[in-house]
Amino acid sequence: MKFSNFFIPTLKESPSDVKMRSHDLMIRSGMIRQETSGIYSWLPLGFRVLKKIINKIELFHDIDNVNQILMPTIQSSEIWKTSERYDTYGKEMLRITDRNNKDLLYGPTNEEMITVIGKQYIKSYKSLPRKFYHIQSKFRDEIRPRFGVMRAREFIMKDAYSFDLDETNGEITYHDFFNLYLKIFNNLDIPVVPVRAPSGEIGGNLSHEFHLIVESGESEIFIKDDVFNKKYDDLSLKELINLESYTDDYFKKINEKSGFNSFKSIELGHIFLFGSKYSDSFNFVVDSHEGKFKPFMGSYGIGVSRIPAAVIEYSNDSNGIIWPKNISPFMVHLINLLHDDTECLEFCEKIYKDLIKKKIEVIYDDRSESPGKKFSDADLIGIPVQIICGKAFKKHNEVSLIHRANKKETYFKSENILNSLIDILGENV
RNA sequence: CGGGGAGUAGCGCAGCCUGGUAGCGCAUCUGUUUUGGGAACAGAGGGUCGCAGGUUCAAAUCCUGUCUCCCCGACCA
């Protein structure tokens, strides 16, 4: 992609009402635009990041035989009355009335709807287990939206739902999702820590959240030191249940509080095995050789649109964003400092085409801006590797490579740059 | 919802107290010169001062109402 063809409205100055680092950088790098309180448009650069994240999530869910579906954003009030959440969900639920005076709502979550879908088609124990997910906008009318997409009212969530024969099988599914989440966050270069969350309204249920520890986080979690030494994906179900890391709500309820440290964090995922709450209220009954039973259910969420902000929050410097390779909107930021020079231009065009041929995602700054502007835009946008073609190319036939993360600059003979680049990118991809 | 702040050009702000031609920086456009860290000079365009009402000869400025946004707390991915 050429910079001149890509809409990246970068800003030099911060908007006055922005307080969080990631929010500021997302606005200034032209990733997002606020429409109204807690509601955002994703501009091309931001949407590219979002799609990277979504692609990874889809990939790993599909591998795990979780079936992707797409449920509507608008739901009928009927099913929420059936589950008795229409009244209890409160003002967080955005309620809408259509022209026929029918009560609708913008879905804050989809347990009711997925239960209705399960009930209609799943009649036999032979059809279980069954796992579904979808990636869709949600609306929760937060009391106070803030920090950009970190706490938005409309946001994109990946929510998955499972139907199992009974609690034992439900726990196996839960354990699978636990490991699936670790795999996903690991692959997104996000070092999350799993923490135990309070069981819900029904006793004996299981719930974990996945947190990214950052100073500016809104959540607080409590963890014993040895938890950090564990390989979370090696844990048995019993071990993960006994993991000594807790959300603040959970921590309040435990007795032995010594040995824990508290951390500020951002919640990125939440898995929850809640049992037959919804199969009960919807009378979702399945036949088996041992008679009729209500499927055991779980739900599993990832705050998709929060992830870019969370990543920026822990990966930035005074110049801008530093994208991890797996989420970065591009891999290489090619900068032509001498756009009026024919040789330099031809060289950049050639490298640009070669990179595209090699399927290396490249943003090529071909604009007639000053060097300073190009450098600062590049640092702000935060692509992992910058290739600079300028004076050194004219003098010594050299171009330089700058690692965004540490700003180290290395010069290469221009004919070697492509192969060197492929080597360097190959290291961690 | 309680407490605090703010709405003036695309963005950041000054002007308001003490009413009298709507301003500055950045951005944009034109031209010339620049080109390894947000270039320089010269010129240009752009605002019914959030909205409604009131006071006044006269309102960005004073009064009343209203809408919106942000910040601090309790909810959440």
Side-chain angles (χ1 to χ4, degrees), chain A residues 9-20 23-24 27-28 30 33-39 53 57 88-93 108-110 135-160 181 192 197-198 207-212 217-219 247-249 265-272 299-310 318-320 335-341 344 365 367-380 386-395 398-400 402 407 409 411:
Chain A
T10 58
L11 296 175
K12 195 191 278 190
E13 290 173 290
S14 302
S16 61
D17 48 14
V18 163
K19 294 294 176 279
M20 199 180 227
H23 188 191
D24 177 49
I27 300 278
R28 287 205 294 127
R33 172 184 182 274
Q34 177 169 334
E35 294 298 337
T36 184
S37 178
I39 298 178
I53 292 163
I57 291 173
T88 59
Y89 211 95
K91 288 191 167 177
E92 300 245 321
M93 180 184 279
T109 180
N110 286 60
I135 296 171
Q136 174 68 291
S137 293
K138 299 283 182 288
F139 196 97
R140 293 181 189 171
D141 201 355
E142 296 276 346
I143 294 167
R144 188 152 90 84
R146 63 182 126 170
F147 302 142
V149 294
M150 192 70 85
R151 178 187 304 277
R153 294 193 294 170
E154 184 178 327
F155 60 97
I156 296 172
M157 184 162 89
K158 188 286 306 182
D159 42 327
Y181 271 39
V192 291
S207 181
H208 283 86
E209 294 178 355
F210 294 81
H211 284 246
L212 173 69
E218 289 189 273
S219 304
T247 65
D248 53 351
D249 280 348
S265 67
I266 299 168
E267 180 190 356
L268 295 178
H270 193 168
I271 59 176
F272 192 52
S299 64
Y300 316 87
I302 292 178
V304 176
S305 52
R306 173 181 281 183
I307 288 177
S318 59
N319 297 311
I335 300 177
N336 182 2
L337 292 180
L338 304 175
H339 57 270
D340 285 335
D341 182 88
C344 203
D365 195 339
R367 296 173 301 169
S368 54
E369 295 286 353
S370 71
K373 167 88 170 154
K374 289 182 179 179
F375 279 123
S376 51
D377 274 349
D379 288 348
L380 178 61
Q386 302 167 359
I387 300 294
I388 317 297
C389 185
K391 265 183 192 163
F393 179 80
K394 294 297 286 181
K395 283 188 193 157
E398 285 180 349
V399 292
S400 68
I402 301 176
K407 306 284 282 171
E409 182 165 26
Y411 284 84

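Values below: every heavy atom of this structure, side chains too, minus hydrogens, waters and symmetry copies. In what follows, chains are A, B, ... by sequence order, proteins preceding strands, each numbered from 1.
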Quiz item: Taking atom CD1 of A:I135 and atom CG of A:D159, what is their separation to the nearest 0.5 Å?
Solution: 9.0 Å
Quiz item: What distance separates A:S14 OG from A:I27 CD1, expressed to the nearest 0.5 Å?
Solution: 9.5 Å
Which pairs, protein N/O on one side and nucleotides 29-33 of chain B N/O on the other, fall under 3.5 Å?
none

Can you tell me how far [atom2] of [N] sits from [atom1] of [X], to the nearest Å?
X: A:F393; N: B:U35; atom1: CZ; atom2: P; answer: 18 Å
X: A:I387; N: B:G36; atom1: CD1; atom2: C1'; answer: 15 Å
X: A:D24; N: B:C11; atom1: CG; atom2: P; answer: 15 Å

Quiz item: Does a donor on one side chain and an acceptor on the other come within less than 3.5 Å for A:D379 and A:Q386?
Solution: yes
Kindly give the heavy-atom pair with the smallest separation between [X] and [Y], and that separation in Å.
X: A:G390; Y: A:L337; value: CA-CB, 4.1 Å
X: A:N336; Y: A:C344; value: OD1-SG, 3.3 Å
X: A:A310; Y: A:L268; value: CB-CD2, 3.7 Å
X: A:R306; Y: A:E267; value: NH1-O, 2.7 Å
X: A:V149; Y: A:A309; value: CG2-CB, 3.8 Å
X: A:F272; Y: A:P198; value: CE1-O, 4.2 Å

Could you check which nucleotide pairs with [N] in any of the strands shown, counting Watson-Crick or G-U wobble with both distances under 3.5 Å?
N: B:G19; answer: none
N: B:U56; answer: none
N: B:G12; answer: B:C24
N: B:C76; answer: none
N: B:C49; answer: none
N: B:A42; answer: B:U30
N: B:A6; answer: B:U68

Minimum-distance nucleotide to [X] side chain [options: [options]]:
X: A:I388; options: B:G36, B:G37, B:U35; result: B:G36
X: A:K407; options: B:C1, B:G37, B:G36; result: B:G37
X: A:H339; options: B:G36, B:G37, B:U35; result: B:U35

Quiz item: Would you say A:Y411's side chain and A:A392's backbone share a donor-acceptor pair under 3.5 angstrom?
Solution: no
Taking [M] as the reference, what is the distance to [N] when you measure between their [atom1] atoms (whole Å, please)?
N: B:C51; M: B:A60; atom1: C1'; result: 14 Å
N: B:C49; M: B:G7; atom1: P; result: 15 Å
N: B:G43; M: B:G37; atom1: P; result: 28 Å
N: B:G25; M: B:G45; atom1: P; result: 15 Å
N: B:A9; M: B:A22; atom1: P; result: 15 Å
N: B:G46; M: B:A27; atom1: C1'; result: 12 Å
N: B:U8; M: B:A52; atom1: P; result: 15 Å
N: B:G31; M: B:G38; atom1: P; result: 25 Å

Contact class for [X] (heavy atom, under 4.0 Å): base, sugar-phosphate, or nothing?
X: A:Y300; answer: nothing
X: A:E35; answer: nothing
X: A:K394; answer: nothing
X: A:D340; answer: base
X: A:L338; answer: sugar-phosphate
X: A:S368; answer: nothing
X: A:I402; answer: base

Exercise. Using a 4.0 Å cut-off on protein heavy atoms (strictly under), produce a 5'-to-3' string for nucleotides 38-47 of chain B with B for base contact, S for backbone-only sugar-phosphate contact, and - for none.
Key: BS--------
Exercise. Scan nucleotides 66-77 of chain B nucleotide by nucleotide, 5' to 3', and note B when protein non-hydrogen atoms come under 4.0 Å of the base, S if they reach only the sugar-phosphate, - if neither.
Key: ---SSBBBBBBB
Practice problem: Please determine if A:E409 and A:K407 form a salt bridge, counting it only when a charged side-chain N lies under 4.0 Å from a carboxylate O. | Solution: no
Please list, chain by chain and in numerical order, all residues satisfying salt bridge (Lys or Arg N to Asp or Glu O under 4.0 Å) with [X], sequence neighbours excluded.
X: A:R151; answer: A:E142, A:E218
X: A:D141; answer: A:R153
X: A:K19; answer: none

